[in-house]
Amino acid sequence: MNKEHDQAVETTEPSTNGQTPPPTNAPVPPYPFVAIVGQAELKLALLLCVVNPTIGGVMVMGHRGTAKSTAVRALAAMLPPIKAVAGCPYSCAPDRTAGLCDQCRAVPNQAGKPKKPSVISIPVPVVDLPLGATEDRVCGTLDIERALTQGVQAFAPGLLARANRGFLYIDEVNLLEDHLVDVLLDVAASGVNVVEREGVSVRHPARFVLVGSGNPEEGDLRPQLLDRFGLHARITTITDVNERVEIVKRRREYDADPFAFAEKWAKETQKLQRKIKQAQRRLPDVVLPDPVLYKIAELCVKLEVDGHRGELTLARTATALAALEGHNEVNVNDVRRIAVLALRHRLRKDPLETQDDAVRIERAVEEVLVP
Ligand SMILES: Nc1ncnc2c1ncn2[C@@H]1O[C@H](COP(=O)(O)OP(=O)(O)OP(=O)(O)O)[C@@H](O)[C@H]1O
């Protein structure tokens with residue numbers, strides 16, 4: 001992940017706009033999500049996965065330097081901090097709602113009730129998976145040091161443990177070994193990481209929004225793996241000169257004073273935060289009417305989508321969009337808006353087909369969804 005946004009220096013000088021400087025130990029705010037210029041498809045895909053994490057993550061294919069990693073960090077930073085069991089390497093939820101690790105599950109009982117753990121508040125984690133990462137580093141492995149020094153069999157958690165309840169960002173996922181991508185997709189789908197090494201078996205919660213990114217010029221992900229990402233967003237370099245200028249202006253302003261820049265965008269950020277929260281609350285009550293579900297299935301038949309992940313993802317994503325838009329019922333317009341995101345990577349490859357995948361889907365959408 002490009003770390004440009006982390007390079008902003010923590011300011012101790014008063015900001016130029018006369019605002020009170022933040023405490024010197026305040027963490028530098030990341031570039032705000034709402035200040036990202038354009039890139040509507042990427043932003044929508046990420047928001048939908050936050051509203052409904054069961055969508056199954058996003059694969060973002062596109063040019064370098066187009067705010068992919070900026071958007072993931074910014075979105076995570078916008079979400080409210082989470083409560084976690086103090087000292088738990090998997091950041092288990094103290095209310096025991098989100099799956100527990102063996103250690104937290106085995107908390108001694110007090111009069112038949114689990115002992116209340118100490119609780120800390122932490123930011124939603126964003127974990128970068130570097131290209132050369134080994135399976136042991138990703139999934140965790142035996143803690144050799146403890147084995148040697150203390151003679152005990154212990155587990156050293158990996159990156160999946162740190163990503164629990166947050167985001168796992170894999171830059172250049174198309175260059176990772178297929179085997180590792182396979183493991184990651186399995187864990188992302190099940191929400192559980194199971195590691196067995198030398199007689200030690202560990203199982204821990206690993207629920208995260210998986211975001212993979214890659215440049216199509218450096219090779220595609222195998223279709224079998226691509227299909228298991230919920231959504232597939234395409235991102236390209238912005239060609240509009242005014243927008244390009246705006247990107248530079250905003251970035252320069254942020255780099256000069258990230259605190260003042262975050263403050264400037266605070267109102268819009270809060271508006272979006274409220275929208276996400278309301279959507280998450282509304283989601284379980286959003287109804288998917290049968291006629292819309294039939295249209296979803298017809299669309300997948302029309303496009304000859306293999307398997308049933310297509311309609312499952314369309315249903316989940318359209319429901320998340322309805323929740324985000326404040327509706328209690330999914331309508332065909334919701335399906336229309338997310339059809340390309342949910343189906344683009346699930347079309348059969350026809351070497352004689354000259355039309356772009358998105359155009360094929362949009363054409364089918366018009367034929368099937370328009371009464
Ligand atoms: N649409 C945009 N709005 C605001 N800033 C942008 C936009 N596009 C690019 N940038 C800026 O460009 C720089 C690169 O962005 P970022 O690191 O997020 O790109 P990336 O797509 O993750 O790149 P890579 O694939 O090389 O990791 C950052 O400083 C970011 O703020």
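Each ligand, and each atom within it, is numbered from 1 in the order the structure gives.
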Should [X] be counted as touching ligand 1, given the test is an N or O pair under 3.5 Å?
X	answer
I36	no
K68	yes
I238	no
S213	no
Y31	no

Within less than 4.0 angstrom of ligand 1, does R251 place any heavy atom?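 For ligand 1, residue contact (heavy atoms, under 4.0 Å) with R251 is present.
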Going by heavy atoms, is G38 under 4.0 Å from ligand 1?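 G38: no contact with ligand 1 (<4.0 Å).
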Single-linkage hydrophobic cluster L210~L131, side-chain heavy atoms < 4.5 angstrom: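 Yes.
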Are L312 and L283 in one and the same hydrophobic cluster, where Ile, Leu, Val, Met, Phe, Trp and Tyr link if side-chain heavy atoms are under 4.5 Å apart?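 The answer is no; the residues belong to distinct hydrophobic clusters.
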Contact check, side chains of R337 and E325, non-hydrogen atoms, under 4.5 Å: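 Result yes, sub-4.5 Å side-chain heavy-atom pair found.
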If we set the cut-off at 4.0 Å for heavy atoms, which region of I247 has an atom near ligand 1: side chain, backbone, both, or neither?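 The side chain, only.
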Of the backbone atoms (N, CA, C, O) and the side-chain heavy atoms from C-beta on, which set of D171 has a member under 4.0 Å from an atom of ligand 1: side chain, backbone, both, or neither?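 Near ligand 1, D171 shows its side chain, while the N, CA, C and O stay back.
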Under a 4.0 angstrom heavy-atom cut-off, which atoms of ligand 1 come close to A67?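 Reading through ligand 1 atom by atom, the close ones are 2 (C), 6 (C), 7 (C), 8 (N), 9 (C), 15 (O), 16 (P), 18 (O), 19 (O), 20 (P), 21 (O).
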May I ask you to decide whether D128 forms a salt bridge with R73, counting only side-chain N to carboxylate O separations under 4.0 Å?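 Yes, this pair counts.
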Ignoring hydrogens and geometry, is there a side-chain-to-backbone donor-acceptor pair from N164 to R207 under 3.5 Å?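 Yes: the side chain of N164 pairs with the backbone of R207.
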Qualifying salt bridge (Lys or Arg N to Asp or Glu O under 4.0 Å) pairs, either residue in residues 45-60, two or more places apart: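 Matches after skipping sequence neighbours: none remain.
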Can I get a per-line list of side-chain donor-acceptor pairs under 3.5 Å for residues 36-49, giving both atom names and the distance, sequence neighbours left out?
| from | atom 1 | to | atom 2 | distance (Å) |
| --- | --- | --- | --- | --- |
| Q39 | NE2 | T236 | O | 3.1 |
| E41 | OE2 | R234 | N | 2.8 |
| E41 | OE2 | R344 | NH1 | 2.7 |
| E41 | OE2 | R344 | NH2 | 3.3 |
| K43 | NZ | I36 | O | 2.8 |
| K43 | NZ | G38 | O | 2.9 |

